[in-house]
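Because the structure is predicted, anything quoted here is derived from the model rather than measured. Note on naming: letters A, B, ... go to the chains in the order of the sequence lines (proteins, then strands), and numbering restarts at 1 for each one.
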Protein chains: 2
Amino acid sequence: MSLHEVPNIAPRCGDCPIRHRAVCARCETDELAQLDAIKYYRSFEPGQTVVWAGDRMDFVASVVTGVATLTQTLEDGRTQMVGLLLPSDFVGRPGRPNAPYNVTATTDLLMCCFRKKPFEDLMGRTPHIAQRLLEMTLDELDAAREWMLLLGRKTAREKIASLLAIVARRDASLNLRTPSGRMAFDLALTREAMADYLGLTLETVSRQMSALRRDGVIELEGKRHVIVPDYDLLLDEAGDDADGGYLP
Amino acid sequence: MSLHEVPNIAPRCGDCPIRHRAVCARCETDELAQLDAIKYYRSFEPGQTVVWAGDRMDFVASVVTGVATLTQTLEDGRTQMVGLLLPSDFVGRPGRPNAPYNVTATTDLLMCCFRKKPFEDLMGRTPHIAQRLLEMTLDELDAAREWMLLLGRKTAREKIASLLAIVARRDASLNLRTPSGRMAFDLALTREAMADYLGLTLETVSRQMSALRRDGVIELEGKRHVIVPDYDLLLDEAGDDADGGYLP
DNA sequence: CGAGCCCTTGAGCCGCATCAAAATAAGTGG
DNA sequence: CCACTTATTTTGATGCGGCTCAAGGGCTCG
């Protein structure tokens with residue numbers, strides 16, 4: 001049994017870092033206690049698969065810390081990432097037995113899991129959970145549609161800039177800041193994962209990252225730490241000044 | 001006032017053609033009566049805009065008959081369709097004041113509308129509506145992610161074949177048939193609308209339609225009536241034999 | 001019959017993919 | 001601590017799929 005199968009942190013719901021944003025966000029104290037009673041934690045190492053597309057999946061879960069990806073593939077191996085799961089995001093669908101996508105950890109990942117049946121029962125009794133889940137699903141749908149615009153109509157350079165802007169924005173929101181001016185963050189994705197998200201090849205991703213660096217839109221420390229000197233400039237490069245509404 | 005603003009059909013809920021699939025599908029008789037009390041119909045002509053992205057939208061609605069599209073654009077005019085609304089599909093988001101996308105009728109369109117506030121109130125009281133809406137939203141999310149794979153990784157030919165397969169499938173399901181063998185249907189989209197859906201130009205759409213016709217994958221009667229001699233062959237051309245799960 | 005659409009087809013070009021190889025980084029075992 | 005391995009990233013050379021620009025054909029409707 002690897003160290004990773006036993007989390008070193010197993011927060012009480014009260015001081016859970018995603019308490020205010022996850023599927024449990026709307027719950028009252030008593031509702032929270034019911035969730036607390038059926039929850040359990042699982043952790044994964046980078047590269048580890050959480051579930052395979054098509055496999056039976058008898059739990060649902062929230063990402064507590066770390067990053068995971070949802071991917072879909074064609075038989076000949078072409079791969080498209082269809083979701084990037086960050087802390088507070090929800091995985092799994094009540095009322096469906098099998099996983100529709102591969103779920104893979106890209107960093108150390110801690111998930112707060114609920115066996116599906118008890119969770120569904122609880123959802124039937126507590127509208128606060130169902131309400132929050134609907135809200136989160138509608139947000140995800142908006143994000144997916146935003147991504148359709150990116151995949152269908154943006155240039156490689158715009159795609160990269162959009163991805164960086166989104167990660168910068170979510171990183172800021174996690175630290176309760178407004179995205180603006182100079183920002184810095186770690187990019188938890190390999191060039192290949194970025195390519196899979198953006199519908200590009202990893203070579204094109206690398207070339208466009210170099211180009212954005214040459215043009216002063218970003219700076220790089222090592223391969224994964226990104227510094228954005230001017231967030232507005234990055235947004236310009238992304239092609240839509242509407243910003244995207246990826247997250248509140 | 002155009003003829004189109006007053007629908008010639010205004011079905012009672014009891015014999016509504018989308019009764020079994022729309023947001024009201026799970027409602028009991030009394031719940032249905034409450035919906036019946038606040039519903040009203042609106043109809044639109046081909047090309048007419050239902051709402052503009054960003055505009056205030058104080059109703060939600062179900063498509064009863066006809067086809068509508070959801071589109072998003074960049075400032076320079078690049079357009080991406082992010083949803084194709086067929087009968088029973090739901091438009092609008094409870095809990096959000098403004099429309100995130102352009103909604104446009106592509107055929108004669110009849111919508112069953114509810115003012116947002118009463119609908120939200122009713123949703124709070126009747127879990128059957130909220131449940132059904134969650135289910136539909138999750139299905140839409142799956143469809144959007146399926147489309148992400150298409151936009152990011154499929155060739156032009158595969159994209160066209162995928163679109164035709166999906167429309168063929170939904171048309172069959174509307175007529176309570178299983179898609180297979182020889183099929184025929186009307187395509188309610190112009191070449192340009194197809195291009196906007198597939199992330200292509202209209203010229204490429206036209207060329208690939210011609211190519212599929214030359215190769216015997218489809219036959220055309222006029223520009224819009226499509227005959228599929230062998231549905232399985234079409235699925236092969238679409239690139240994913242998993243079929244896609246676009247609709248039940 | 002003429003005016004708009006919508007669609008098709010052609011010619012040429014460009015952005016990104018493909019193929020290939022070298023540079024950098026991070027282990028791993030001797 | 002170093003030689004060796006393996007994963008990741010960068011960069012270069014070349015080719016092709018789909019875009020752009022342009023012209024012409026069919027249909028519908030006044």
Holding to side chain to side chain donor-acceptor pair (under 3.5 Å), I want the full list of residues that pass it with [X], two or more places apart in sequence or in another chain.
| X | answer |
| --- | --- |
| N175(B) | none |
| S162(B) | K154(B) |
| D232(B) | none |
| D58(A) | none |

How long is the line joining [atom1] of [X] and [atom2] of [N], in whole Å?
| X | N | atom1 | atom2 | value |
| --- | --- | --- | --- | --- |
| L202(B) | dA22(D) | CG | P | 15 Å |
| M194(B) | dC7(C) | CE | P | 9 Å |
| L212(B) | dC7(C) | CG | C1' | 16 Å |
| H225(A) | dT8(D) | NE2 | C1' | 19 Å |
| I160(B) | dC7(C) | CD1 | C1' | 13 Å |
| L198(B) | dC19(D) | CG | C1' | 15 Å |
| M209(B) | dT9(C) | CE | C1' | 15 Å |
| K154(B) | dG18(D) | NZ | P | 13 Å |

Of all residues at least two apart in sequence or in a different chain, which pass the salt bridge (Lys or Arg N to Asp or Glu O under 4.0 Å) check with [X]?
| X | answer |
| --- | --- |
| R191(B) | none |
| D215(B) | R157(B) |
| R182(B) | E219(B) |

Could you pull out every donor-acceptor pair under 3.5 Å between side chains of residues 203-214 of chain A and any protein atom, sequence neighbours left out?
from, atom 1, to, atom 2, distance (Å)
T204(A), OG1, T201(A), OG1, 3.1
S210(A), OG, S206(A), O, 3.1

Short side-chain N/O contact from T155(A) to OP1 or OP2 of dG15(C), under 4.0 Å: no
Distance below 4.0 Å between T190(A) side-chain N/O and dA7(D) OP1 or OP2: no
Footprint string (nucleotides 23-30 of chain D, 5' to 3'): B base within contact, S backbone only, - free, heavy atoms under 4.0 Å: --------
Per-nucleotide protein contact string for nucleotides 17-22 of chain C (B base, S sugar-phosphate only, - none; heavy atom under 4.0 Å): SBB---
Heavy-atom pair of closest approach, residues Y101(A) and T71(A): CB-O, 3.6 Å
Angle of first-five versus last-five pair axes in the helix from dC1(C)-dG30(D) to dG30(C)-dC1(D), to 10 degrees: 30°
All side chain to side chain contact (heavy atoms under 4.5 Å, CB included) counterparts of T49(A), not counting sequence neighbours: W52(A), T104(A)
Expected output: side-chain D76(A) to main-chain R78(A) donor-acceptor under 3.5 Å: yes
Side chain of R224(A) - closest among dT9(C), dT8(D), dT10(D): dT8(D)
